[in-house]
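Some notes on the structure that comes next.
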Number of protein chains: 2
Amino acid sequence: MLPETAPPGRRDRKKQQTKDALIAAALRLVDDRGLDHVTVEDIAAAADVSPRTFFNYFATKDEAIVGDQFVDNHDVLERLRAVPADVPAVPAVLQAITPDLEAIEADGELWLVRCRVMANNPALVTGLISRSAQHEQDLADAIAARSGTDAALAAAVTGAAVRVSLMRWAASDGRARLTELVRDAFDLLAHGLSDPRPTSKDHR
Amino acid sequence: MLPETAPPGRRDRKKQQTKDALIAAALRLVDDRGLDHVTVEDIAAAADVSPRTFFNYFATKDEAIVGDQFVDNHDVLERLRAVPADVPAVPAVLQAITPDLEAIEADGELWLVRCRVMANNPALVTGLISRSAQHEQDLADAIAARSGTDAALAAAVTGAAVRVSLMRWAASDGRARLTELVRDAFDLLAHGLSDPRPTSKDHR
DNA sequence: GGATTTCTTGCAGTGCATGCAAAGTTTTAG
DNA sequence: CTAAAACTTTGCATGCACTGCAAGAAATCC
């Protein structure tokens with residue numbers, strides 16, 4: 001079922017290598033100096049490629065920092081379709097994105113820096129959101145394919161919940177479990193936000 | 001309490017006038033040609049000011065189109081504080097933003113174009129969100145001042161709900177009532193998104 | 001009217017982003 | 001092994017967003 005790995009070959013390996021170098025350089029520099037004090041030229045230089053090459057890998061400066069791996073995957077949609085139709089929308093989405101959340105936790109180093117950078121440079125959060133917004137429509141359609149709940153709303157709202165959880169996870173410096181944070185947030189969504197009673201514990 | 005209107009005076013009137021002209025020009029041009037085919041120079045020319053002047057009024061091209069009037073107001077925060085503390089978060093927010101929603105409906109022409117433009121130029125939605133995200137933190141703090149519910153989550157989620165409702169309202173070409181759309185969305189949030197059919201048993 | 005404050009404008013400069021075409025490198029084929 | 005094909009990197013030129021600065025124009029104040 002896997003369109004299996006024709007073994008990557010020297011060329012693609014070097015490409016991946018350059019890409020990683022660019023991402024790493026971008027994150028490190030922006031983490032150090034702040035978004036405004038890092039130019040594409042700086043990043044390219046740090047990764048030892050020409051500035052022009054940077055744009056062969058990323059469409060924008062932000063993309064190298066925020067990344068495109070997150071909500072971008074069709075995998076999410078496929079997994080969502082795989083969830084039995086009688087599962088309500090919110091838990092279904094949770095189930096569909098869990099693998100991604102685990103991947104993020106597994107790659108903790110990278111994502112913690114990434115989130116810290118985003119927290120310190122609000123302009124970037126924008127980028128993250130817009131990426132997910134592009135796919136929010138797809139997600140909404142996928143949700144609409146299942147029962148009752150308001151699809152567009154569910155897509156937007158779960159997206160927001162993930163974002164908040166991600167930032168919270170980063171704020172805990174990775175000590176909290178991302179998957180649990182997201183699960184808790186989703187529980188609140190499913191159960192209803194109006195209700196102060198069960199969660200008397202408020203962190204902040 | 002109002003640092004009220006020292007009567008505007010000729011100068012401020014002209015300023016407001018220029019600003020309106022710039023906004024109108026920006027919306028019209030982008031609506032016609034698409035975001036990428038309109039330069040700041042075009043907008044300035046259409047409003048009959050120098051390009052440099054454009055940036056005396058707006059920090060970015062997007063700002064002229066998306067506007068800053070929406071979630072930006074401290075008024076929302078003040079109104080939120082005015083809501084009795086025993087009202088749950090979601091309805092409290094609803095109450096706090098209702099005047100703004102009514103203002104949007106009242107200025108329907110402008111906002112319908114604005115939403116259409118946003119729908120057609122996804123890059124702009126981003127801008128709207130990031131604006132509200134800036135103030136989402138403030139909103140979260142204000143919510144945190146009241147009872148139990150998870151503040152950051154409530155802020156993010158209500159923001160998403162408003163955005164979805166706004167787009168929906170625009171899609172209906174203003175025929176739906178914005179305030180009702182938002183109220184319905186908020187009801188879902190408060191009541192819980194999970195449950196497509198109230199009759200079905202709770203599975204799990 | 002003249003002094004002061006505020007707004008407009010031009011100019012010069014930085015940085016992001018894209019298209020194009022000339023190297024350079026890897027892969028494939030003969 | 002070598003020549004062609006395929007793909008990547010790079011430099012160059014360009015367009016546009018945005019900023020700082022300083023000079024000019026206009027409204028406001030006295």
Spacing of A:Leu22 atom CG relative to C:dA17 atom P, expressed in whole Å = 14 Å
key: Rounded distance in Å - NZ (B:Lys15) to P (C:dT9)   = 13 Å
message = If you count heavy atoms of other groups shown closer than 6.0 angstrom to CG of A:Asp107, is the number above 12?
response = yes
request  = Apply side-chain contact (heavy atoms from CB on, under 4.5 Å) to the pair B:Tyr57 and B:Lys15, showing each step before the final yes or no.
outcome  = CA-CA 9 Å; B:Tyr57 285 89; B:Lys15 266 190 91 171; 3.5 Å; yes
note = Contact check, residues 39-58 of chain A vs DNA chain C, heavy-atom distance under 4.0 Å, returns A:Thr39, A:Val40, A:Arg52, A:Phe55
key: Presence of salt bridge, B:Asp184 and B:Arg177, under 4.0 angstrom   = no
Euclidean distance, atom NZ of residue A:Lys19 to atom P of D:dT9 [Å, nearest integer] = 12 Å
task = For residues A:Ala96 and A:Arg79, report the shortest heavy-atom separation together with the two atoms involved.
result = O-NH1, 2.7 Å
ask   = Whole Å only: how far is the CG atom of B:Asp36 from the P atom of C:dA17?
value = 13 Å
query = Is B:Arg168 salt-bridged to A:Asp150, cutoff N-O under 4.0 Å?
reply = yes
side-chain hydrogen bond (donor to acceptor under 3.5 Å, both in side chains) against A:Arg33, all qualifying residues, sequence neighbours excluded = A:Asp42
Interatomic distance where CD belongs to B:Gln17 and C1' belongs to C:dC7 [whole Å] = 14 Å
request  = May I have the distance from B:Leu35 (atom CG) to D:dC16 (atom C1'), rounded to whole angstrom?
outcome  = 12 Å
note = Quick tally for nucleotides 23-30 of chain D: nucleotides whose base has a protein heavy atom under 4.0 Å get B, sugar-phosphate-only ones S, the rest -, giving ---BBS--
query = Is there a donor in the side chain of A:Asp20 and an acceptor in the side chain of A:Gln16, or the other way round, less than 3.5 Å apart?
reply = yes
remark   = Atom CZ of A:Arg13 and atom P of C:dT25 are separated, to the nearest Å, by 18 Å
More than 12 heavy atoms from other groups under 6.0 Å of CG on B:Asn120 = yes
